[in-house]
Amino acid sequence: MTLSFNSLGLSEARIRHLESLGFTVPTAIQAQAIPHLLCGRDVVGQAQTGTGKTAAFALPILERIDIKLPAVQALVLTPTRELAMQVGQAIRGFVDDRRLKIATIYGGQAIDQQISRLERGAQIVVGTPGRVLDLLSRGDLKLNQLSWLVLDEADEMLNMGFIQDVEKILNQAPIERQTAFFSATMDPSIRKLVTKFLRSPITVTIEQPKTAPTRINQVAYMIPRGWTKARALQPILELEDPEAALIFVRTRKAAAELTSQLQAAGHSVDEYHGDLSQTQRERLLLRFRQRQVRWVVATDIAARGIHVDDLTHVINYDLPDSVENYVHRIGRTGRAGKEGTAISLVHPLDRRKLRDIEYHMKQRLEIVSIPTRAQIEARQLEKLQDQIREALVGERMASFLPIVAQLSEEYEPHAIAAAALQMAYDQTRPAWMRSNQDHVDEPATGNGSPKPKPVKRGRSAGNSENKVSPSLDR
């Protein structure tokens with residue numbers, strides 16, 4: 001039986017507004033958490049990012065907010081500025097009453113602007129722990145009327161060293177309040193906070209996917225012995241030529257070094273990690289979303305704030321330490337019914353990690369060798385043929401026919417076509433590819449390794465098309 005928002009206890013007005021937005025089917029975390037929150041219970045929700053946690057806590061809060069009271073009644077804590085902005089925007093989308101005000105507060109923006117928003121009477125505040133503490137200490141943020149407190153992505157709070165700040169905020173909030181913690185994992189430090197600050201909470205656990213999303217094609221490239229990862233990555237990028245890619249590395253230093261190497265090779269790429277200021281992060285995200293930068297090299301923690309539509313590729317330059325992080329990484333592509341590709345660079349020493357990933361997901365990854373120059377050239381010619389087929393049915397082709405007729409008096413038609421193709425091929429290939437003609441060596445496959453082949457977006461190994469009911473995934 002398919003659940004609907006009607007069965008969760010939300011008001012008719014709220015349900016009508018959700019329907020006007022196109023949402024009729026709650027996600028698993030929403031179906032389980034919303035009824036408990038509406039009943040006034042404290043809730044601990046364990047679920048991955050992208051499962052609809054924001055709506056799970058936002059909709060019950062919106063049901064109970066007193067519009068006439070111009071005081072902070074709900075506080076949502078997030079680990080990063082980017083997530084605070086995302087959550088704040090998502091909550092605004094659920095609001096159908098202009099009298100309700102939402103203030104988003106974080107470091108990196110002038111504090112006077114945020115104080116002004118609070119003075120105008122915000123009922124919901126979404127913010128990062130550091131800025132929330134700052135405004136509390138100044139007396140500009142008052143929690144005496146607070147009824148709800150939500151901790152979003154608690155595990156990232158812990159990873160980024162914010163748990164002590166969170167505890168200070170919880171100590172300053174009224175005892176008589178409703179509290180909800182949401183986290184992908186439950187570290188002992190988080191459980192300690194739950195025991196200390198939540199009252200007889202209901203625990204809601206959403207099983208993380210045991211298999212990869214159906215629209216993601218996963219491939220592992222084996223690095224030949226004696227090769228560095230940077231050397232192996234270059235021909236893979238030439239073969240794939242991703243439109244928009246996240247390249248995951250383990251450390252900030254690795255992010256800086258790989259970005260520098262790729263930029264030197266002429267790639268459109270930039271780095272994203274914890275050493276960047278908030279202003280630098282925001283500027284880079286804007287450039288990435290506007291396709292001014294095609295690829296971003298990022299660490300896991302920093303990448304929590306990256307949410308980009310139409311991400312075509314996720315590349316695991318370094319395999320993550322946990323299978324959960326692998327699933328989280330690759331889930332950033334293949335969203336909203338679109339296709340995606342997940343590529344992993346696998347060193348011989350990484351074979352155990354690869355086996356763990358396959359066992360966890362109950363799926364074998366396609367294992368291929370580093371592409372050769374001949375295969376890269378063949379892929380580029382294949383793309384050119386597709387472009388020619390599109391041009392042949394286009395309206396502009398007729399304007400070039402007189403030129404062909406004139407040249408036909410001196411040359412054979414086949415020669416003219418071949419020359420035009422050569423010009424188009426040379427001009428349409430990226431500059432970085434034209435300048436690196438001879439850098440790809442023939443890797444020694446050895447042991448009968450399968451021949452490498454281009455990874456086509458849109459092909460999901462072992463999965464057929466699935467019909468997905470519309471759901472509220474904010």
Side-chain angles (χ1 to χ4, degrees), residues 1-5 7-10 25-64 74-79 83 87 90-91 94 124 126 129 146-160 162-171 173-211 304 322-325 327-328 331 360 471-474:
M1 180 179 176
T2 303
L3 284 174
S4 67
F5 286 104
S7 62
L8 302 185
L10 295 170
V25 179
T27 65
I29 187 67
Q30 293 158 13
Q32 294 190 43
I34 287 175
H36 293 301
L37 290 170
L38 286 174
C39 290
R41 296 293 301 272
D42 286 1
V43 169
V44 176
Q46 186 171 351
Q48 297 289 328
T49 299
T51 53
K53 291 181 293 182
T54 302
F57 62 74
L59 295 176
I61 287 175
L62 292 174
E63 288 289 293
R64 302 297 174 82
L75 173 64
V76 181
L77 296 176
T78 66
L83 186 57
V87 170
I91 296 176
F94 305 143
I124 300 176
V126 182
L146 193 74
S147 299
W148 294 272
L149 196 152
V150 177
L151 184 61
D152 195 14
E153 300 219 10
D155 53 342
E156 287 308 304
M157 298 281 193
L158 176 64
N159 291 337
M160 300 178 74
F162 293 148
I163 286 297
Q164 290 185 344
D165 289 347
V166 169
E167 189 163 355
K168 291 178 183 177
I169 295 169
L170 289 166
N171 279 320
I175 296 176
E176 294 298 321
R177 66 170 190 273
Q178 192 173 349
T179 309
F181 279 16
F182 288 87
S183 182
T185 59
M186 282 295 159
D187 185 273
S189 298
I190 298 173
R191 294 189 183 280
K192 185 178 178 181
L193 282 183
V194 170
T195 302
K196 184 175 181 180
F197 292 103
L198 275 69
R199 299 173 298 177
S200 303
I202 294 290
T203 298
V204 174
T205 301
I206 304 303
E207 291 294 330
Q208 56 195 13
K210 297 298 182 183
T211 59
R304 289 279 179 157
S322 70
V323 176
E324 289 78 10
N325 273 347
V327 175
H328 181 79
H360 178 86
S471 62
L472 189 60
D473 57 358
R474 300 181 184 178

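Predicted model only: the values in this text are computed from it and were never measured. No hydrogens, no waters, no symmetry mates; every other heavy atom, side chains included, goes into these values.
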Measuring from atom NZ of K53 to atom CG of D152, what distance do you get when rounded to the nearest 0.5 angstrom?
5.0 Å
Option among I29, D155, V44, T54 that satisfies the side chain to side chain contact (heavy atoms under 4.5 Å, CB included) test with F182:
I29
All side-chain contact (heavy atoms from CB on, under 4.5 Å) counterparts of P129, not counting sequence neighbours:
M157, F162, D165, V166, I169
Smallest heavy-atom separation, P60 atom then L38 atom, equals CA-CD2, 3.8 Å
Output the distance between atom CG (L146) and atom CD1 (I175), rounded to the nearest 0.5 Å.
13.0 Å
Applying salt bridge (charged side-chain N to carboxylate O under 4.0 Å, His left out) to R199 and not counting sequence neighbours gives E176
Just wondering, do F57 and V87 contact through their side chains at under 4.5 Å, heavy atoms?
yes
Selection residues 186-195 - residue pairs positive for salt bridge (charged side-chain N to carboxylate O under 4.0 Å, His left out), sequence neighbours left out:
none
Applying side-chain hydrogen bond (donor to acceptor under 3.5 Å, both in side chains), name anything that partners Q178, two or more places apart in sequence or on another chain.
W148
Testing the basics here: between A31 and P26, what is the closest heavy-atom pair and its distance to 0.1 Å?
N-CB, 4.2 Å
State the CD-OG1 distance between Q46 and T185, to the nearest 0.5 angstrom.
7.0 Å
From L75 atom CG to L149 atom CG, the distance as rounded to the nearest 0.5 Å:
5.0 Å
To the nearest 0.5 Å, what is the distance between OG1 (T195) and CD1 (I190)?
12.0 Å
Please list, chain by chain and in numerical order, all residues satisfying side-chain contact (heavy atoms from CB on, under 4.5 Å) with P35, sequence neighbours excluded.
L8
Mind listing the closest non-hydrogen atom pair of I34 and A55 along with its distance?
CD1-O, 4.2 Å
How many angstroms lie between atom OG of S147 and atom CD1 of I61, to the nearest 0.5 angstrom?
10.0 Å
Less than 4.5 Å apart, any side-chain heavy atom of T78 and any of E153?
no
Residue set satisfying side-chain hydrogen bond (donor to acceptor under 3.5 Å, both in side chains) with T179, at least two apart, ordered chain then number -> R177
All side-chain contact (heavy atoms from CB on, under 4.5 Å) counterparts of R41, not counting sequence neighbours:
H36, S200, I202
State whether the side chain of Q30 and the backbone N or O of G52 hold a donor-acceptor pair below 3.5 Å, judged by distance alone.
yes
Results of ring pair (Phe, Tyr, Trp, His ring centres under 6.0 Å) for F181 - residues two or more places apart only
none
Qualifying residues under side-chain hydrogen bond (donor to acceptor under 3.5 Å, both in side chains), relative to E167, sequence neighbours excluded:
K196
Ignoring hydrogens, what is the shortest heavy-atom contact between I163 and A154? Give both atom names and the distance.
CD1-O, 4.3 Å
I want to check something: taking the side chain as every heavy atom from C-beta on, are F5 and L59 in contact at a cut-off of under 4.5 Å?
yes
